[in-house]
Every structure is written in structure tokens, then in C-alpha cells.
Amino acid sequence: MDLQLAGRTAVVTAGTAGIGHAIAAELAAEGAHVVVTGRSRETLEGALAALPDSVRDRVRGVAADVGTAEGAAALVRAVPRADILVNNLGVYEPRPFEEIPDADWARLFEVNVMSGVRLSRAYLPGMRASGWGRILFISSESAFAIPAEMIHYGMTKAAQVAVARGIAETTKGTRITSNVVLPGPTRSAGIVEFLHRMSSNPAASDAEVEREFFERHRPASLLQRLIDAREVAHLVAYLASPLSSATNGAALRVEGGLLRQVG
């Protein structure tokens with residue numbers, strides 16, 4: 001299927017690993033010119049080198065910490081307009097609710113929510129001027145199934161859903177859409193480390209801690225395994241394309257059946 005993305009400019013935040021890296025590769029494979037962000041030039045160079053040869057010439061990096069106002073502004077200076085914005089940057093940490101200080105609530109909100117707010121605010125006027133655009137937030141099933149082990153993270157994921165829907169309300173009657181994607185636990189170096197921290201036996205193998213995590217902490221999952229980042233990227237690429245024109249203000253699930261409610 002041709003997703004009609006040839007020549008479009010896409011910005012993918014935190015595109016050096018995991019879901020962001022898979023999204024960048026998928027969009028580039030569909031012909032888009034992709035900009036990924038990372039906090040260091042070294043990390044960016046490694047991520048670009050890891051891309052398939054067939055897409056590498058359509059992806060470039062901008063070193064900027066877009067979890068800060070200064071970093072977001074630096075990105076916009078480097079890339080003044082974009083047809084597609086994928087707000088993928090996010091951080092998480094397991095911590096008992098009683099032990100989460102104010103500073104951690106504020107930090108997760110700043111990185112996970114305000115990064116997307118700032119960049120959407122910056123790129124939306126250009127989308128309006130060109131008459132087309134796609135804004136996407138990579139949230140989580142945790143937006144609806146708030147995890148007891150990291151309530152502050154769940155709060156930020158729910159906030160992303162609200163922001164994406166609110167932006168969509170401002171694009172009525174246009175060819176600009178704003179949607180949110182809800183992945184479940186997705187394989188990456190960070191999530192494997194997280195699973196070991198959550199395990200009753202942190203020294204167990206990766207496969208063993210993954211199995212225990214789904215049995216004890218995510219029993220509702222129909223997959224009972226970590227999602228491959230490419231499985232998320234397939235959905236994101238469709239939503240970034242003109243083919244998704246009737247989907248706006250929606251929260252779309254690619255979470256392996258963790259959420260039991262229908263719709």
C-alpha cells in the first residue's frame with residue numbers, strides 16, 4: 001500500500017531508539033524526509049547508522065533536549081516547519097506513590113506533556129498555512145489503566161490524550177488531524193531494565209522476567225509478550241498519511257489487548 005508520504009517532512013522526537021527509531025525508519029521507507037531528535041550528537045550518529053541503508057539518506061538528526069523549552073526552541077529553529085509531528089519523547093520510572101516527590105511529578109509532566117505541547121504549538125500554524133498536517137502523540141495504555149507502580153507516569157499519558165483531543169477540536173473542517181497512539185509495553189533496552197527492576201528475581205534471564213511481568217503485573221494482556229516497536233510504527237505511519245483523513249481526535253490502541261473495555 002502506498003501511504004502517499006513521499007516528500008512530506010516529519011519530525012520524530014526521541015527517535016534514536018525503540019518506538020521512535022522504528023517510526024523514523026517506517027516513515028522514511030514510505031518516502032518521507034524525517035528529522036529525529038536526540039540529546040547528543042553521538043547518540044544521533046549511532047541511531048542514524050543503525051537505520052537500513054535504503055532509508056538512511058532520508059533521515060537526519062537534530063541534537064536537542066526537547067523535554068526543555070530551550071531544546072524545543074532549538075529544534076524549531078533547525079526545522080521551522082513540518083508536515084508531520086510525532087511527539088514520542090517520554091520518560092518513566094517505577095516508584096511507590098507515597099515516595100514520589102513534587103519534583104518528579106513536575107519533571108515527568110515537563111518532559112512527557114509539555115514537550116508535545118510546545119512543538120505542536122510551534123508547528124500547527126505552518127500546517128494551517130499549507131492546508132495539511134498530522135500531529136501524533138505516543139501515549140500508552142497507562143493513560144487508561146493507570147499503573148500502581150508509577151501513577152505519575154500514568155497521569156502524563158492521560159494528559160497527552162486530553163491535549164491531542166483538544167488540538168483536534170481546533171482543526172475542524174481542515175485537513176489537519178491530531179491523534180494519540182496507545183502502545184503497550186514495547187521491547188527496548190529501557191523496558192528490559194524496567195522488567196528486571198520489577199521482578200521478584202532481578203538476576204533472572206530476560207525471558208523469565210518478561211514472563212513474570214505479564215503474569216503478575218499485566219495479566220490482561222492478550223499477547224503476553226513485549227510488543228515489537230515496528231508493530232507500533234506500522235500504525236503510526238498510517239495515521240501520519242493522507243489515507244487516515246477521517247481519523248481525528250482519536251485514541252488508537254496497539255497495546256496487545258491490555259485494555260479490556262471495547263472501543
Side-chain angles (χ1 to χ4, degrees), residues 1-67 71-90 115-116 118-127 130 132-139 164 175-181 183 186 188 228-245 247 252 254:
M1 180 183 293
D2 178 10
L3 294 185
Q4 303 173 21
L5 287 174
R8 301 286 188 185
T9 298
V11 169
V12 181
T13 64
T16 60
I19 291 174
H21 194 259
I23 291 170
E26 188 90 1
L27 294 177
E30 291 293 334
H33 299 289
V34 183
V35 179
V36 298
T37 70
R39 286 184 292 180
S40 74
R41 176 53 56 184
E42 181 181 12
T43 300
L44 282 167
E45 289 175 354
L48 296 176
L51 290 167
D53 293 343
S54 59
V55 305
R56 200 172 297 149
D57 63 347
R58 287 195 292 276
V59 184
R60 69 184 179 95
V62 173
D65 182 0
V66 297
L75 171 61
V76 174
R77 286 195 298 270
V79 187
R81 70 170 295 277
D83 302 303
I84 300 159
L85 171 63
V86 182
N87 292 304
N88 173 66
L89 177 63
S115 60
R118 292 180 179 117
L119 293 177
S120 300
R121 188 172 58 203
Y123 286 121
L124 184 55
M127 294 177 184
S130 69
W132 192 91
R134 296 287 183 266
I135 296 174
L136 291 162
F137 289 79
I138 307 303
S139 179
R175 295 195 299 157
I176 302 165
T177 65
S178 172
N179 293 292
V180 62
V181 175
T186 302
S188 68
D228 188 293
R230 292 169 296 182
E231 294 175 304
V232 180
H234 297 327
L235 175 59
V236 173
Y238 167 72
L239 293 172
S241 78
L243 278 62
S244 67
S245 55
T247 304
L252 295 105
V254 57

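Residue indices begin at 1 and follow the sequence shown.
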Asks: Take Arg60 and Val79 through the test side-chain contact (heavy atoms from CB on, under 4.5 Å) and record every step on the way to the result.
Replies: CA-CA 11 Å; Arg60 69 184 179 95; Val79 187; 3.5 Å; yes
Asks: Less than 4.5 Å apart, side chain to side chain, heavy atoms only: is that true for His21 and Val59?
Replies: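 The answer is no, as the side chains (C-beta and beyond) never meet within the 4.5 Å cut-off.
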Asks: Rounded to the nearest 0.5 Å, what separation is found between the OG1 atom of Thr13 and the CG atom of Asp65?
Replies: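 Between atom OG1 of Thr13 and atom CG of Asp65 there are 11.0 Å.
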Asks: Show the nearest heavy-atom pair for residues Ser188 and Gly18, with the distance to one decimal.
Replies: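 Looks like CB-CA, 4.5 Å.
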Asks: Taking all atoms of both residues into account, what is the closest heavy-atom pair of Asn87 and Ser120, and its distance?
Replies: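 Between these two residues, the closest heavy atoms are ND2-OG, 3.3 Å.
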Asks: What closest approach, in Å, do Leu27 and Ala10 show between heavy atoms, and which atom pair accounts for it?
Replies: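 Closest heavy-atom pair between Leu27 and Ala10: CD1-CB, 3.8 Å.
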Asks: If you look at every heavy atom in Leu239 and Val181, which pair is closest and at what distance?
Replies: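 Where Leu239 meets Val181 most closely, the heavy atoms are CD1-CG2, 3.5 Å.
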Asks: Hey, are the side chains of Val36 and Leu48 touching, using non-hydrogen atoms and a 4.5 Å cut-off?
Replies: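 When only atoms from C-beta onward are counted, Leu48 and Val36 do touch, with a gap below 4.5 Å.
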Asks: Take Thr9 and Tyr123, measure what side-chain contact (heavy atoms from CB on, under 4.5 Å) needs, and give me the verdict at the end.
Replies: CA-CA 12 Å; Thr9 298; Tyr123 286 121; over 6 Å; no
Asks: Any heavy-atom pair between the side chains of Leu5 and Pro242 that's under 4.5 Å?
Replies: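 Yes, close enough: below the 4.5 Å cut-off.
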Asks: Is there a donor-acceptor contact under 3.5 Å linking the side chains of Thr247 and Asn179?
Replies: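 Checked: Thr247/Asn179 side chains show no N/O donor-acceptor pair below 3.5 Å.
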Asks: Can you list every pair that meets salt bridge (Lys or Arg N to Asp or Glu O under 4.0 Å) and has a residue in residues 16-44, with sequence neighbours left out?
Replies: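 For residues 16-44: none.
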Asks: Could you tell me the separation between the OG1 atom of Thr177 and the CD1 atom of Ile135, rounded to the nearest 0.5 Å?
Replies: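 Thr177 OG1 to Ile135 CD1: 8.0 Å, rounded to 0.5 Å.
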Asks: Judged by atom type as modelled, is there a donor-acceptor pair below 3.5 Å linking the side chain of Ser115 to the main-chain atoms of Gly67?
Replies: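 No; zero donor-acceptor contacts below 3.5 Å.
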Asks: Under 3.5 Å, side chain of Thr37 to main-chain N/O of Ala14, donor-acceptor pair present?
Replies: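 Confirmed, Thr37 side chain pairs with Ala14 backbone.
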Asks: Distance-only, no hydrogens or angles: does the Arg81 side chain make a donor-acceptor pair with backbone N or O of Met127 under 3.5 Å?
Replies: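 Such a contact is absent between Arg81 side chain and Met127 backbone.
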Asks: Would you say the side chain of Ile23 lies within less than 4.5 Å of the side chain of Ile138, judging by non-hydrogen atoms?
Replies: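 Side chain of Ile138 against side chain of Ile23, heavy atoms only: contact under 4.5 Å found.
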Asks: Can you tell me how far CD1 of Ile19 sits from CD of Glu231, rounded to the nearest 0.5 angstrom?
Replies: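 Here the rounded value is 10.5 Å.
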Asks: Which atom names give the shortest non-hydrogen contact between Ser40 and Ala63, and what distance separates them?
Replies: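 Nearest heavy atoms, Ser40 then Ala63: C-CB, 4.3 Å.
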Asks: I need the minimum non-hydrogen distance between Arg8 and Ile84, along with the two atoms involved.
Replies: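 Nearest heavy atoms, Arg8 then Ile84: CB-CD1, 4.1 Å.
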Asks: Would you confirm whether Arg134, through its side chain, and Ser241, through its main-chain N or O, come within 3.5 Å as a donor-acceptor pair?
Replies: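 It does hold such a pair.
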